[in-house]
S.K.: 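Structure in structure tokens, see below.
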Amino acid sequence: NLLTQQKALEALDNAKQTKTWIQTILEQRTYIENELKSLSFVEQIYPSEANFILVKVNAPLNLYKYLVDRKIIVRNRSKVLLCEGSLRITVGTEEENQRLLEALKEY
């Protein structure tokens, strides 16, 4: 019984941690989306319920290469049907997201 109770308590702790992670991702996703709206090369931000954002931009290949040169990895989705001209940005930690946004603002 003690082992079962211990496992139940661990599961509850994991559920709390998962809830915290989800809340952080939601907050950071909203923050990134709001910041992206101010960038002139962003044409559209597609709605997302995930831990990534699909963004249609001017010259996606140039922006992709610019970010890779700065060791910021995004997915170039511009050749995928219905995603033409888009990059997929994963919501990271607050620090990672800030670094991404700083690079985008300097682009």
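Start at 1 with the first residue, then count along the sequence.
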S.K.: Distance check, rounded to the nearest 0.5 Å: E33 atom CD versus I89 atom CD1?
M.R.: 10.0 Å
S.K.: Do R29 side-chain atoms and N51 backbone N/O form a donor-acceptor pair below 3.5 Å?
M.R.: no
S.K.: How many angstroms lie between atom CG of N58 and atom NZ of K56, to the nearest 0.5 angstrom?
M.R.: 9.5 Å
S.K.: Give a yes or no on whether the backbone of T93 and the side-chain of E95 come within a donor-acceptor separation of less than 3.5 Å.
M.R.: no
S.K.: Answer yes if F52 and Y31 sit in the same cluster of Ile, Leu, Val, Met, Phe, Trp and Tyr residues linked by side chain heavy atoms under 4.5 Å apart, and no otherwise.
M.R.: no
S.K.: Does a side-chain heavy-atom distance below 4.5 Å link N34 with T30?
M.R.: yes
S.K.: Using side-chain heavy atoms (C-beta onward) and a distance below 4.5 Å, is V55 in contact with Q44?
M.R.: no
S.K.: Does F41 share a hydrophobic cluster with Y46, counting links as ILVMFWY side-chain heavy atoms below 4.5 Å and allowing steps through other members?
M.R.: no
S.K.: Closest heavy-atom contact between Y107 and L63?
M.R.: OH-N, 3.5 Å
S.K.: Can you find a heavy atom in the side chain of Y64 that is under 4.5 Å from one in the side chain of S78?
M.R.: no
S.K.: Would you kindly confirm whether L26 and V91 end up in one hydrophobic cluster when ILVMFWY residues are joined by side chain heavy atoms under 4.5 Å apart?
M.R.: no
S.K.: Are any of the side-chain heavy atoms of I72 and Y66 separated by less than 4.5 Å?
M.R.: no
S.K.: Would you please say whether a donor-acceptor pair under 3.5 Å links the side chains of E94 and Q98?
M.R.: no
S.K.: Heavy atoms, side chains only, cut-off 4.5 Å: are L54 and C83 in contact?
M.R.: yes
S.K.: Do you know which two heavy atoms are closest between P60 and S86, and how far apart they sit?
M.R.: CB-N, 4.4 Å
S.K.: Side chains of R99 and K71: does their closest heavy-atom pair fall under 4.5 Å?
M.R.: yes
S.K.: Checking I22 against I25 for the side-chain contact (heavy atoms from CB on, under 4.5 Å) test, could you report, in this order, the C-alpha distance in whole Å, the side-chain angles of both residues, the deciding distance, and whether it holds?
M.R.: CA-CA 5 Å; I22 291 170; I25 288 170; 5.7 Å; no
S.K.: Flag yes if V68 and V80 sit in one hydrophobic cluster, no otherwise; membership is Ile, Leu, Val, Met, Phe, Trp, Tyr, and two members link when side-chain heavy atoms are under 4.5 Å apart.
M.R.: no
S.K.: Report the distance from atom CZ of R75 to atom CG of L87, rounding to the nearest 0.5 Å.
M.R.: 11.0 Å
S.K.: With rounding to the nearest 0.5 Å, note down the distance linking CG in N76 to NZ in K65.
M.R.: 9.5 Å
S.K.: Please report the C-alpha distance between V74 and R88 in whole Å, then the side-chain angles of each, then the deciding distance to 0.1 Å, and finally whether the side-chain contact (heavy atoms from CB on, under 4.5 Å) criterion is met.
M.R.: CA-CA 6 Å; V74 297; R88 190 182 89 178; over 6 Å; no
S.K.: Where do K105 and E35 land on the side-chain contact (heavy atoms from CB on, under 4.5 Å) test, with the steps shown first?
M.R.: CA-CA 9 Å; K105 289 175 183 177; E35 293 295 312; 2.6 Å; yes
S.K.: How far does CD of E27 sit from CD1 of I32, to the nearest 0.5 angstrom?
M.R.: 12.0 Å
S.K.: Decide yes or no on side-chain contact (heavy atoms from CB on, under 4.5 Å) for V42 and L104, but give the supporting numbers first.
M.R.: CA-CA 10 Å; V42 172; L104 290 173; over 6 Å; no
S.K.: If every non-hydrogen atom of N97 is compared with every non-hydrogen atom of G92, which pair is closest and at what distance?
M.R.: OD1-N, 2.8 Å
S.K.: Salt bridge or not for R70 and E106, using N-O below 4.0 Å?
M.R.: no
S.K.: Does atom NZ of K19 have more than 12 heavy-atom neighbours from other groups under 6.0 Å away?
M.R.: no
